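Read through the structure below, which is laid out as structure tokens, and then see the notes.
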Amino acid sequence: MFVVLLIFVVTLLYVLYKRTFEYWKRRNVPGPEPTFLVGHIGESFLGKKSLGNCFFEIYKEYKDYPFVGVYKSVTPCLLVRDPEFLKCIYVKNFKSFMNNEMFVDKKVDPVMGRNPFFSKDQAWKETRALLTPNFTTGKMKTIFTLLDNVSQKAVSYVNKQIDSGVNCLEAKNLCTKITLENVASCAFGLEANCFNDPNCDFQDIANKFLSPEKWQSLKIFVSMIIPSLMKVLSIRFISKEVAERLRKIVFDTVDYREKNNVQRPDFLQSMMQLKDSTKDFDPEDMVAHAASFFGDGYETSSIVMSFLLYEIAKHPEVQDKLRQEINDTMDGNGGKLTYDVIMEMEYLDACLNGKISKNPFVESLSKRCTEKFSYKPANTSEFKDIDVTVDVGTVMVIPVKGLFLDPKYFDEPDKFIPARFLKENRKNDRSQGVFRPFGDGPRVCIGQKFGLLQIKAAVAHIIRAFSVSVNSKTKEPLEFDPWYLMLSPIGGLWLDFHKIK
Ligand code: HEM
């Protein structure tokens, strides 16, 4: 009896293995041999590599191929290497790839379930259309004074630390204070008080927002590998406690504004107007979007800002040149930083791009095929002449890190070289169509302008006021936490700040 059962189980496993892991072979799509159950991301399960780095290795290995068949555990995914194919996904054939792989049900997680990144189909279209007017250049110009105020507070904070004998600060910690103040001000119209109180309410919510308890982290990790489990296991990104605290902040602020007739040029005001003017936009939508703005707005930008400060600290020649540009442009405007002055700083923009290309904070993106699509590289393409038909539901992997660190598109891609992003050096740019740090097409990052602006405003003020260098407490070469959703250096980025006389 035991032998029969054993034969049955082994046969079943074999059939399952064949069915699952021969998906790409049956379609003549090249790719490395997968390992049973874990596919190509076994090292990610073991915490040895991030998901993005598993794909990075495959990207490098298959350098002549326009696409590669890979397995995210048991899910077959098409890893796209050819920039022309990427253009189809992002822009030209958007209808065939309009959804992200991850979807969150708003009944399970009312906050993230309404976030455009986790929405799909018509619901995504409607949400995106409602939110887009909040991120126009005009809106950014109006909120710029809020960002400038916070950046000045950051300078006062660092000055105070230096006066009390503390020169060494952890960059991510400093940058999170800045971005939290910015989102609290722009999303809720409140002062977060992060500079005075390290345990302030917003900091506490932020700590719980993206660094949930161990069990919750594990569930989120598993659902990133197999997104369909999100619904089955009722997994929420945002815990009930955090959602409740954000809801209370929003309702209390709305209540105060309505009773005292307060108008403020911020995101919450726009949400209040939508609530009053739009059918089907209820108070829960208002809370969810304000909370989403909070979640999307602080961590992404604080990661990029902290790495930018680190690179500037490591490259004194870049720092001098940048400070010169900041001083020249600000002095030409009476020492004031305005939206137009920031836009004039071409070298600051180049530094930011230089940082993002070297260390993309999202290492890979995943989209889902929504309409059958066939692709074959053009005759002139340098990739191998193979074709593929992608069925609805197939996951498409965009290997962001592989593309940004490919010597085919950038010379010495792993070096911080801001000058390559200056207008005069981009004429024969080989990275056009590859370097898309905010995505592209209809699903391009909605907060791109806000993110860039808050990073640039803070860095301009900081570099004008202080010289920065790397403190030996920073563990170099940097190593990254493979379990974290985004880029997180183990041990932190410790920088020394000195006042510029
Ligand atoms: C430097 C900072 C940031 C970077 C590098 C960044 C990058 C990205 C990337 C790569 C995507 C995916 C695009 C795609 O799927 O094609 C994205 C989507 C998104 N980002 Fe950002 N982001 C940043 C800041 C922000 C900020 C400040 C906000 C909001 C205040 C924001 C809100 C969003 C939203 C809502 C989406 C989903 C858009 C959609 O699917 O329609 N991001 N971002």
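Each ligand, and each atom within it, is numbered from 1 in the order the structure gives. Computed from a predicted structure; not experimentally measured.
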- Query: Counting no waters, what protein N/O/S atoms lie under 2.8 Å from atom 21 (Fe) of ligand 1?
  - Reply: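 Only C445 SG fall inside 2.8 Å of atom 21 (Fe) of ligand 1.
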Is it true that [X] and [Y] have a side-chain N and a carboxylate O under 4.0 angstrom from each other?
{"X": "K456", "Y": "D349", "value": "yes"}
{"X": "K248", "Y": "D201", "value": "no"}
{"X": "K172", "Y": "E299", "value": "yes"}
{"X": "K72", "Y": "E101", "value": "yes"}
{"X": "D414", "Y": "K358", "value": "no"}
{"X": "E241", "Y": "R245", "value": "yes"}

- Message: If we only consider heavy atoms of Y298, is any one of them less than 4.0 Å away from an atom in ligand 1?
- Response: no
In this structure, is the centre-to-centre distance between the rings of [Y] and [X] below 6.0 Å?
{"X": "Y59", "Y": "F55", "result": "no"}
{"X": "Y298", "Y": "F202", "result": "no"}
{"X": "F361", "Y": "F307", "result": "no"}

In terms of atom number and element, which parts of ligand 1 are under 4.0 angstrom from non-hydrogen atoms of [X]?
{"X": "V304", "value": "1 (C)"}
{"X": "K367", "value": "14 (C), 15 (O), 16 (O)"}
{"X": "P437", "value": "5 (C), 7 (C), 10 (C)"}
{"X": "I455", "value": "1 (C)"}
{"X": "F450", "value": "27 (C)"}

Closest non-hydrogen protein atom to [atom], residue and atom name please, with distance?
{"atom": "atom 13 (C) of ligand 1", "answer": "R443 O, 3.5 Å"}
{"atom": "atom 39 (C) of ligand 1", "answer": "R128 NH1, 3.4 Å"}
{"atom": "atom 5 (C) of ligand 1", "answer": "F361 CE2, 3.1 Å"}

- Item | Candidates E363, E43, K401 - the one meeting side-chain hydrogen bond (donor to acceptor under 3.5 Å, both in side chains) with S50 | E363
- Query: How far apart are the closest heavy atoms of S306 and L493, and which atoms are they?
  - Reply: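 Residues S306 and L493, closest heavy atoms: O-CD1, 3.8 Å.
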- Message: Looking only at distances, can you tell me whether any N or O atom of N115, backbone or side chain, sits closer than 3.5 Å to an N or O atom of ligand 1?
- Response: no
